[in-house]
Structure formats: C-alpha cells, structure tokens
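Report on the structure given below.
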Amino acid sequence: MINEQDALLSAVQANYYFGKLRVVQDRPLLVETERGRKKIRIWQNEALLKLHLKWRERLINDAFFIDRMYVTRSGLPSIRIGRFSVTCHDAPSEPTALEGNEALWASVVGQLVRHSRDVPAEVLPHATSVHVRSLYEQAKQIGVQDQDAWKIISACFSSACARAKDADRLREPYQNRSSAFILPEDFSGRSCSALFDTLFLELGQSRPVDGCGLLARFFMAESMEHGKQSMNNLFQALKNQKFFDRETIDLLQAEWLEPDEWMRLLEYGINKEQIPQIQSDQFSVREFKQIWDRKVKLIHLFNSVFTQSEDAGGGAAHGADGQQSD
Amino acid sequence: MEQTDNNRINRILFQYDLVPYNLSVRGNLIRVDTPAGSFALKQKALNDRQIRSLQTVYALIRRMVIDAVCPLPSKYGDLVIRGTETSYYLLPWFNETVDLSNLQERYRHLFIKTGQLHRKTLEKKADCSGLYQDMVRVLNQRQMVWEQFLYKAEHHVYPSPFEQAVLKSAFIYLENMQRSHDFFSHDKDDEGKNKTMRRALCHGRLSPLHLLIENERSCLTNFENSEDGFFIVETAMLFEQANVMLGSEQTNWRDFYESYSSVCPLTDEEKDVLVHFLLFPSAHAELLSRYLYSGQLDEQWFVKRWTDLCQAHRNMFTSIKENMDEEQKRKEERQAKEKAVDEKKEK
C-alpha cells in the first residue's frame, strides 16, 4: 500500500521538473533535489492559498527573494491532490543575524511596509487606558499578595496609564482605515535567510495579521538581543528609505507604549490569587523590568531617529522621556 | 566579472535554479554555462506592453505555431525578471554559424523566417483605411522634404554636385511618389466600401541581428516589440531596410522576394501595397533632409551615397516588379488554360 507521503512525493516529482527527491525532514516537509533543498507546503484552505499567491505577487521585487511558489509543468502554482493543494518553495537555510545586515533587513521591512497591505486583518485596540485602570482596580480589590510585584505594579501605574492613553491617542486616527500593513502570523527574525548577498523572506502559509504589532515585537525582540548601535543602524536605514509613513510610525510607537508587560504582570498576580492551583505562565518582576526598560529605550531611540527632524505632533508624550522601572 | 556582479547574476539565475560554472560577457549578452546547458542572459529595460508581447509570442511557440526563440520561463513562471530600472531574461545559447557581418546570408534567412511568421499567424482581413491614410501622411512628409530640397537647389545659380545629381533623377522619384499618393488616397474599393487586408503577428524590429542561425536552423528573436498588424507593411519595410543595408552589394532580390512569397503568398492587393510602398523610399528623403540641415557637407560622400541608393533601389524595385509581373502572367495563362478546358468541357 502506498502511504500518503509517497503519493505526495510522486505527485511533486511528476508535476515539477525534479529528477530525484529525498526527504530530509518531515515537518515541515523538506526534500533534497538535484536543484537544491525545497520545502513542500500542504494547503487545506484554498482561500488562504489564493491570498498567499496574491500576497507574494504584490511583494515581488529585486531587493530580496520571497518564497514564491514553483510553477508546475503545466504552468500552475500548485498541485491539487484530493482535498489538498500542494506547493513547492525554495528552502535556503543560511541564517542571518540583524547585526551587520541592518541595511538588508531595512530593505525587506521597508518593502513589506509599502507593499504588504490588505484590508485590515483585525480592529486596532482602542481602549487600552480603560483596560489598564479596570485591571488595576480589580487587582486592588483582590489584594495581590506578592509584595515585590505589587510594589512595582503600583509604582508604575501612573506611567502605565499615561502610556496606555498615548497608545490610544496614536491609534485613534487609524481606526477606520481601509488598507493596513499585514504580516504572516509567524513572522519573526527567523523568517529570513541569507542568499547571494541579500535576504530570502519566507512568507510561509500563516494567516495575515496586523503588521505593525508583529513588526514592533520583532524590533523589540531584536533590541533585546542586539545592541543599541544595531537598532540605530536599522532605524536609520529605514528612515533613509522613506518607506515609513506617519501611520506606521504612530502604530509602531503605540505598540511599544501599550503597557502589555505591566498588564501581564498584573494578570499573573490576579491569576495566582484567584486560582492558585492553576499554573499560569511564569512572569517575574525581573522579566517585567527588563521589558519595560527596553521599551523605554527603544521608543527613545525610535523617536530620536524618526521624529527628530520632523513635526513630532503625533509622537509619544510619555515613555520616551525615560521613566524607567527603577 | 567582479564578485558583486557575479552575485547580481547569481540572484537572477537562482530564479531559474541554475548554478553557473562560467559567466562571460558577449556583446550585450552574458553567456551562462551551467551543468544544465548554456544560456544567454539579456539585460534590458522593458515596459509592461513589451512583456505582454513576449508572453503572446511565448504562447505561440509553446503551441508550436511559430518556430522562434523566446525567453525561457523562470521556476516561478516569469518570462522576464523585472527590476526597478532594468529587466532580465534568459534564452537558450545559440552557437551561431553565420557571422554577423554576412548580411546577404542573414537576410536570406530573415526573409524566409519573416514569411513563416506572417503565414503562421495570419488572421482575417480587416479594414485598412487607417493604414492607407497613414501612408498618405508619410508620403506628404517625404514630398515636403523633396520640395524643400528642390526649391533650394533650383534657386542656386550654380547647384552643388549633389544637387545636380538629385535634380537629374528627381522627376522619376516625384512621379513615383505621385503614383503612390494616388494609390494610397483610394482607401475604398469599387463598391465604395473600405478596403481590407490580412493581418498577422508582426515582429516589430526585424533585423539581421534579431535572427539566430545555427547550421540549418534559424530562429527569429527579440519579440518585445511584436504586435498584430498589416504584415505587408513590415515586409515592405524589410525590403527597404535590406536595400539600404546591402547597398551596392550584388544582391539577388528575386531570390529574397521568392523566399518570402513562397512561404507567405501575397494577394493582389498586398502586392500593390508593397510596390507602391517601395516607390517612396525613406532613405532617399532622409539623405535629402540630412543635406538640407547638416552644417558640414562632404559633397563627394553625398553624391556617392545618392548614386548607390538610387542604383540599389532601382535594382530591387525592378527585380521585384519583374517577378510580380511574371507571376501575374503565369496566373493569367493558367486561368486562360482553365477557361479553355472548361469551355471545351461545356462543348
């Protein structure tokens, strides 16, 4: 009896111009061919596949590669096998760090911000400040016992409120936008590989989500890992490209201003009090401090690059002035 | 090539899954040698319309309607790899066996391949009144150049040697242009309807350099300006171009005409258009215009060029016309015979 993978591989071999195929990894399915390593993707959702095809079409450029679909012998971008569609992609594996490659990353991010757009994938949060206050009141009523945590939560309350208010204010003008920057849900620093002095972006097959939120998290994660200089180089390169418009700048800042680390610490405390038997994700004061301080620095750096010479009317009023957790 | 250049090329070749072991610049092409074979990579600025033309021709080649060399599709299905300023496309490498300077041989192949292209992509007849009107406009412009030249020359007490040479043959060309004018002014048939002519895919940039010849096989290439049109105009322009390029070389125009018409037989109307198009050559008018507006004049060069053009044009026109007349005569004889046979049968 032919198993499913064998059937899949023989369909791939028959439909694409591959002489030999050897499976090197099962999930995701990677095959070695005489033309290099390829990734085979299986799509259960035809609408998502169509969306991804159009998405890639919009992103074609000569600055970096995208994991476009190979065309079959008959010129189609996918093979139909029963209820599924199958696509074939390149799978370069050389990792690329941000440090030293800031200009390349800036080119990818710049192009994405400009061309990776669609109808908004989700509604922008608009009442963060209300949420911050209600969460704080709830914690006060319950009486969070962890004294260390409570001390820092209450000390940062006014800052958290101000940041939440700023985030709401920055997002407000874009609540009814018709087009938004989108990114695949699993976008991260690992989405890019190095290839011939440029980057290869793996758009993957995840659903599209709000791009600014993901990009802000990506910048945050990279800034935790790399030094200030690297982030400064990246922001400078992005600024030189002029692809960041006011909307992107505002929404990125709003993402960092939103005190989600403060809310997380608070929610962790509430959960521990209410249902002590349930082990929720550990979130220590130390981690909170680290994120809070890093965000302050990142906002400051971002502002110094992007709003220094411009009218900073839409910029953040709080957070960037350096109120750190200590 | 430098490393950065190599990587730029490698980025293009990656889209074809090709790994080159050798890259070499050959004129405006890059020869790419890979384990999968040799290819020619061409860099060129192409607009959307040109890319659409290449796609149309590619579809015809895939359906084996025409035999031509068109860009190979990338692994993503793109015929052209588009950049911000320039685009790239890949062609199979041809080891050309006829030198680029051998124009006689290259034109011989070109007339056959052009005939095949037109024949294989023939479409129904279409209203050609617009074409006739365009021809009249072109003719008027050329007549204007002639008039300006002659006016100036006739007002010189001592015409220059070039002016004398032109004046000597002017009456023939003026008369020919008038004949053409009369012909193209009649864009309606005897019944008062607009005249019609056959259309076909036209290459758009026919040239002996846009033809690849390897031994017995020759293929047209560079189809980015191709479009649907009244193909007889392209044929006429090809004769005119060959006439200028081959100049005083001994050329068998009958052979060229027969090569073309044997693969793509022309109708009587198309023959008429061809003949009348060739009656007002552009090269002559361009030379007169150049003489009128250029500052430094090499009289000897102009006289020589004029004499060569006139002689080459006369040879070509006479050969083609004779060939057409013979064809017509044969046709009439055949019809007369058929008529006689029919009459006999009736009796």
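Values below: all heavy atoms of this structure, side chains included; hydrogens, waters and symmetry mates excluded. In the text below, chain A, chain B and the rest are named by the order of the sequence lines, each starting its count at 1.
- A:D62 has no carboxylate O lying under 4.0 Å from a charged side-chain N of B:R82, or vice versa, which leaves the two without a salt bridge.
- Heavy-atom proximity under 4.5 angstrom to chain A picks out nothing from residues 109-131 of chain B.
- Using cut-offs of 30° and 60° for the angle between ring planes, the A:F196 and B:F14 rings count as perpendicular.
- Ranked by heavy-atom pairs under 4.5 Å with chain B, the list A:D90, A:N61, A:T198 is led by A:D90.
- Residues B:F39 and B:D33 form no side-chain contact, since every pair of their non-hydrogen atoms from C-beta on lies 4.5 Å or further apart.
- Taking 4.0 Å as the cut-off between side-chain N and carboxylate O, A:E34 and A:K20 do not count as a salt-bridged pair.
- Judged by the 6.0 Å distance and 45° axis criteria, A:R117 is not positioned over the aromatic ring of A:F181.
- The existence of a salt bridge linking A:D197 and B:R8 is excluded, since no basic side-chain nitrogen approaches an acidic carboxylate oxygen closer than 4.0 Å.
- Using the six-membered ring where Trp is involved, A:F235 and A:F306 have ring planes that are perpendicular, over 60° apart on the 30 and 60° scheme.
- Contacts of A:Y17 with chain B are absent, with no heavy-atom separation under 4.5 Å from either backbone or side chain.
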